[in-house]
Amino acid sequence: MFAINGGHSLPTPPPSMDFATPSSAKQINSALDSPHHRHMWIITGPAGCGKSTIAQYLAKELSLPYIEGDDYHSESNKEKMASNTPLTDNDRWDWLIGLREAAASRLTPSRKSAMKPHDGVVVTCSALKRKYRDVMRIAAYNDHSTLVHFIYLRLDEDTLMQRISARQGHYMKSTMVRSQMAALEEPDIQEQGRDVLEVDCGASLTEVQKKVVRTVREALAEDV
């Protein structure tokens, strides 16, 4: 029994009505205080490395939305590439900004949930130069709950040429691989230690897909 003003007494609540015990309260606070990040997985590399196929597989495995970077190129950009004319930096700026904004808009609003600690989106983007990758990184500067990751699909030029030559009906021609490889700035040690995960995609498609999913899951496990 416990007394209230006026001397009346109320029965002591049974154990089942107790408020959270210190241990359960600690668990609740821990869940609420845990970081909740939204992950932008950008699958990068030159034409022929398998960006779209691998990105679609990753998005399906993680139940995440998928954005095809090529869809955001202007018609003039596509026409230039189809005519074997390399894109300039000026050609790419609006494309990169539009792609970044589209990807950011697909991220689920941040929420703290013990059941689903990660939200994200999978995007394809060649991101050949570091300054192009820096444009995409602005998504994390604009929203501190967003983490940007680049999955760089590494493959030798000869294999890239073979794969592009075998494509049917795609606007990107095999001769464009040469210009992309000439423009390519592979992520250096500094970038790899920051937000770039490199995957050798010289193995079979099935092996590469599994390796990419495994690499992403490992990165997510570190963000718990």
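Values below: every heavy atom of this structure, side chains too, minus hydrogens, waters and symmetry copies.
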Notebook entry, point to check: Among Val208, Leu160, Thr159, whose side-chain contact (heavy atoms from CB on, under 4.5 Å) with Cys201 holds?
Noted result: Val208
Item checked: Shortest non-hydrogen contact from Ser105 toward Ala102 -> OG-O, 2.7 Å
Check: Parallel under 30°, tilted from 30 to 60°, perpendicular over 60°: which one fits the rings of His149 and His39?
Finding: parallel
Margin query: Just verifying a value: how many Å separate Ile151 CD1 and Leu58 CG, rounded to the nearest 0.5 Å?
Written below: 7.5 Å
Check: Atom OG of Ser52 and atom CG of Asp71: how far apart are they, to the nearest 0.5 Å?
Finding: 8.5 Å
Next item on the list: Mark yes or no for whether Asn77, through its side chain, and Asp91, through its backbone, hold a donor-acceptor pair below 3.5 Å.
Entry: yes
Notebook entry, point to check: Hey, does Lys129 have a side-chain heavy atom less than 4.5 Å from the side chain of Arg92?
Noted result: no
Margin query: What I'd like to find out is whether the side chain of Met136 reaches to under 4.5 Å of the side chain of Leu99, using heavy atoms alone.
Written below: yes
Note to self: Once rounded to the nearest 0.5 Å, what's the spacing between atom CD of Gln209 and atom CG of Leu205?
What the structure shows: 4.0 Å
Next item on the list: Mind listing the closest non-hydrogen atom pair of Met181 and Pro46 along with its distance?
Entry: SD-CG, 3.8 Å
Notebook entry, point to check: How many angstroms lie between CH2 in Trp95 and CG in Asp70, if you round to the nearest 0.5 Å?
Noted result: 7.0 Å
Check: What are the two closest heavy atoms between Ala103 and Ile67, and how far apart are they?
Finding: CA-CD1, 3.5 Å
Note to self: Is the shortest side-chain heavy-atom distance between Asp89 and Tyr132 below 4.5 Å?
What the structure shows: yes
Check: Would you say Trp41's side chain and Ala55's backbone share a donor-acceptor pair under 3.5 angstrom?
Finding: no
Next item on the list: Looking only at non-hydrogen atoms, find the nearest pair between Ala139 and Arg100 and report the distance.
Entry: N-CD, 3.8 Å
Notebook entry, point to check: Can you list the steps and then say if Thr85 with Glu79 is a side chain to side chain contact (heavy atoms under 4.5 Å, CB included)?
Noted result: CA-CA 8 Å; Thr85 303; Glu79 289 172 4; over 6 Å; no
Checklist line | Side chain Glu185, main chain Arg130, donor-acceptor under 3.5 Å | finding: yes
Next item on the list: Check whether any side-chain heavy atom of Val196 sits under 4.5 Å from a side-chain heavy atom of Thr44, and report yes or no.
Entry: no
Notebook entry, point to check: Taking a hydrophobic cluster as the set of Ile, Leu, Val, Met, Phe, Trp and Tyr residues connected by side-chain heavy atoms closer than 4.5 Å, whether directly or through intermediates, do Met40 and Ile138 fall within one such cluster?
Noted result: no
Next item on the list: Using the rule that two of Ile, Leu, Val, Met, Phe, Trp, Tyr join whenever any of their side-chain heavy atoms come within less than 4.5 Å, decide whether Met161 and Leu184 are in one cluster.
Entry: yes
Check: What are the two closest non-hydrogen atoms of Ala59 and Pro65, and how far apart are they?
Finding: CB-O, 4.3 Å
Checklist line | Arg154 (side chain) donor-acceptor with Glu198 (main chain) under 3.5 angstrom | finding: no
Check: Distance from Leu153 atom CG to Ile54 atom CD1, nearest 0.5 Å?
Finding: 4.5 Å
Item checked: Flag side-chain contact, heavy atom, 4.5 Å: Arg137 against Phe150 -> yes
Next item on the list: Could you state whether Leu147 and Leu197 fall into the same hydrophobic cluster, counting links through intermediate Ile, Leu, Val, Met, Phe, Trp or Tyr residues with side-chain heavy atoms under 4.5 angstrom apart?
Entry: no
Check: When you check the side-chain N and O atoms of Thr206 and Ser204, is any donor under 3.5 Å from an acceptor?
Finding: no
Next item on the list: Return the minimal non-hydrogen interatomic distance between Glu68 and Thr124, and the atom names on each side.
Entry: OE2-OG1, 3.1 Å
Next item on the list: Drop me the distance from Lys210's NZ to Tyr57's OH, to the nearest 0.5 angstrom.
Entry: 6.5 Å
Check: So among Val122, Thr53, Val123, which one has a side-chain contact (heavy atoms from CB on, under 4.5 Å) with Ile43?
Finding: Val122
Check: Quick one: does Lys51's side chain have a donor or acceptor within less than 3.5 Å of a partner on Ser126's backbone?
Finding: no
Next item on the list: Indicate yes or no: does Asp134 engage Lys131 in a salt bridge with an N to O separation below 4.0 Å.
Entry: no
Check: Do the side chains of Glu191 and Tyr152 get nearer than 4.5 Å, heavy atoms only?
Finding: no
Item checked: For Lys60, side chain to side chain contact (heavy atoms under 4.5 Å, CB included) partners two or more places apart -> none
Check: With a 4.0 Å cut-off, would you call Arg178 and Glu157 a salt bridge?
Finding: yes
